[in-house]
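Some notes on the structure that comes next.
Heavy-atom basis, side chains included; hydrogens, waters and symmetry copies ignored. Numbering starts at 1 and runs along the sequence shown.
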Amino acid sequence: MHLLHMSVVLYILNTLLGAVHGHAYLTDPPGRNSMWRFGFNAMINYSDNDQNCGGFLHQKYLGGKCGMCGDPYDQPAPRDNEAGGKYATGTISKYYTAGSTIDITVRITMNHLGFFEFRLCENNDVTKTITKKCLKHLLVNPETGETKRYFGDRTGDIVTRVKLPKNVTCSQCVLQWRYKTGNSWGTDDQGSCLGCGPQEEFYGCSDIAISSSGVTNEASTPKTSTLLTTSSTASTTKTTAAPTESTTNSNKTTTAPTDSTTDSNKTTTVPTESTTGTTTTTTVPTESTTDTTTTTTAHPKTKRSCVSIAVNAEDKWCNTNCNHDPSFCPPYLCSCN
């Protein structure tokens, strides 16, 4: 009788704990269903912190199955947060460099213990739904060597540092965040304990792009959001002059021809020594020169002055993102001269 009583108590406790949800969502890079908070032209979803597979009991009823981005597994296709769904616009929310170490931020609004995991899928097609097979890159914290991010009972912004694979570049990758809570009593091969066995899970997906070089983990989101303030660093384009020296002696002057990026019709007359002892002149296309040095300069793209034309974007956000390389400058958010 005592064992039966304890079983009933544990069952009720588990049910009550399972009914109290932890809540969280991706903020950096923004998740598909949270992009509206950061100035993107996306559908508003006030329940973006509740992507929990339809709830613990619903997921358990379906044998633990869940959509790749946290939608109920049995939701008709396209699921809300998958390709073709109402929150999956295909907009790239952040740009990264292959092999770089990045910080991912998740906002915990209600903590229920557990851990985070992050996976990466090289998709390169915003109309294609990702699969579990594609999410083959389990991201690792380079400082600890761990893939699971435990954070205790903290709430607020939880930052996790991970390293992107060196050999992965993509015009569109999907970053998947998984939050397995740990506040329910359960049983698994480790025994019976709080956090053992199946637990409530949350997911989120972000569309990002990864290039081989030239990106410094800049956010393509505004500096302010509806809930918190974030900061980003404006990009600076560095140019390097590559001088080409001329070879000069008393009888012969040769200037190496270079391509002009601004004027393809410029020419200079170059004296050369003929085989008959007289001097002839040859016209060779080149950049204008000073003394005997020709300098070729990589001209940066002219920075535009951009302003917001929408209530959900700021002038500073438009200036940063419209001048970003690659550019993200939606005409429904920004206007540039």
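Under the rule for a side-chain hydrogen bond (donor to acceptor under 3.5 Å, both in side chains), the partners of Asp74 that lie at least two apart in sequence or sit in another chain are His58. For Asn124, the side-chain hydrogen bond (donor to acceptor under 3.5 Å, both in side chains) partners two or more places apart in sequence, or in a different chain, are Ser171. Applying the side-chain contact (heavy atoms from CB on, under 4.5 Å) criterion to Pro76, with sequence neighbours excluded, gives no partner residue. With sequence neighbours excluded, no residue forms a side-chain hydrogen bond (donor to acceptor under 3.5 Å, both in side chains) with Thr155. Among residues two or more places apart in sequence or in another chain, the side-chain contact (heavy atoms from CB on, under 4.5 Å) test is passed with Glu143 by Asn141, Arg161. Checked against side-chain hydrogen bond (donor to acceptor under 3.5 Å, both in side chains), Thr89 has the following partners two or more places apart in sequence or in another chain: Thr91. Not counting sequence neighbours, the partners of Lys136 by the side-chain contact (heavy atoms from CB on, under 4.5 Å) test are Glu122. Remark: Arg178 engages Glu117, Glu201 in a salt bridge (charged side-chain N to carboxylate O under 4.0 Å, His left out) (not counting sequence neighbours). With sequence neighbours excluded, no residue satisfies salt bridge (charged side-chain N to carboxylate O under 4.0 Å, His left out) with Asp71. Under the rule for a side-chain contact (heavy atoms from CB on, under 4.5 Å), the partners of Phe116 that lie at least two apart in sequence or sit in another chain are Val106, Ile108, Phe118, Arg149, Phe151, Ile158, Thr160, Trp177, Tyr179.
Distance alone, capped at 3.5 Å, places no donor-acceptor pair between the Asn33 side chain and the Asn45 backbone.
The side-chain heavy atoms of Tyr203 and Cys66, taken from C-beta on, include a pair separated by under 4.5 Å. Taking 4.5 Å as the limit, some side-chain heavy atom of Ile104 sits within range of a side-chain heavy atom of Pro29.
A salt bridge between Asp48 and Arg37 is present, with a side-chain N of the basic residue lying under 4.0 Å from a carboxylate O of the acidic one.
Among pairs with a residue in residues 81-91, those fulfilling salt bridge (Lys or Arg N to Asp or Glu O under 4.0 Å) read Arg79-Glu82, at least two apart in sequence or across chains. Sorted by first and then second residue, the disulfide (SG to SG under 2.5 Å) pairs with a member in residues 78-133 read Cys121-Cys134; sequence neighbours excluded.
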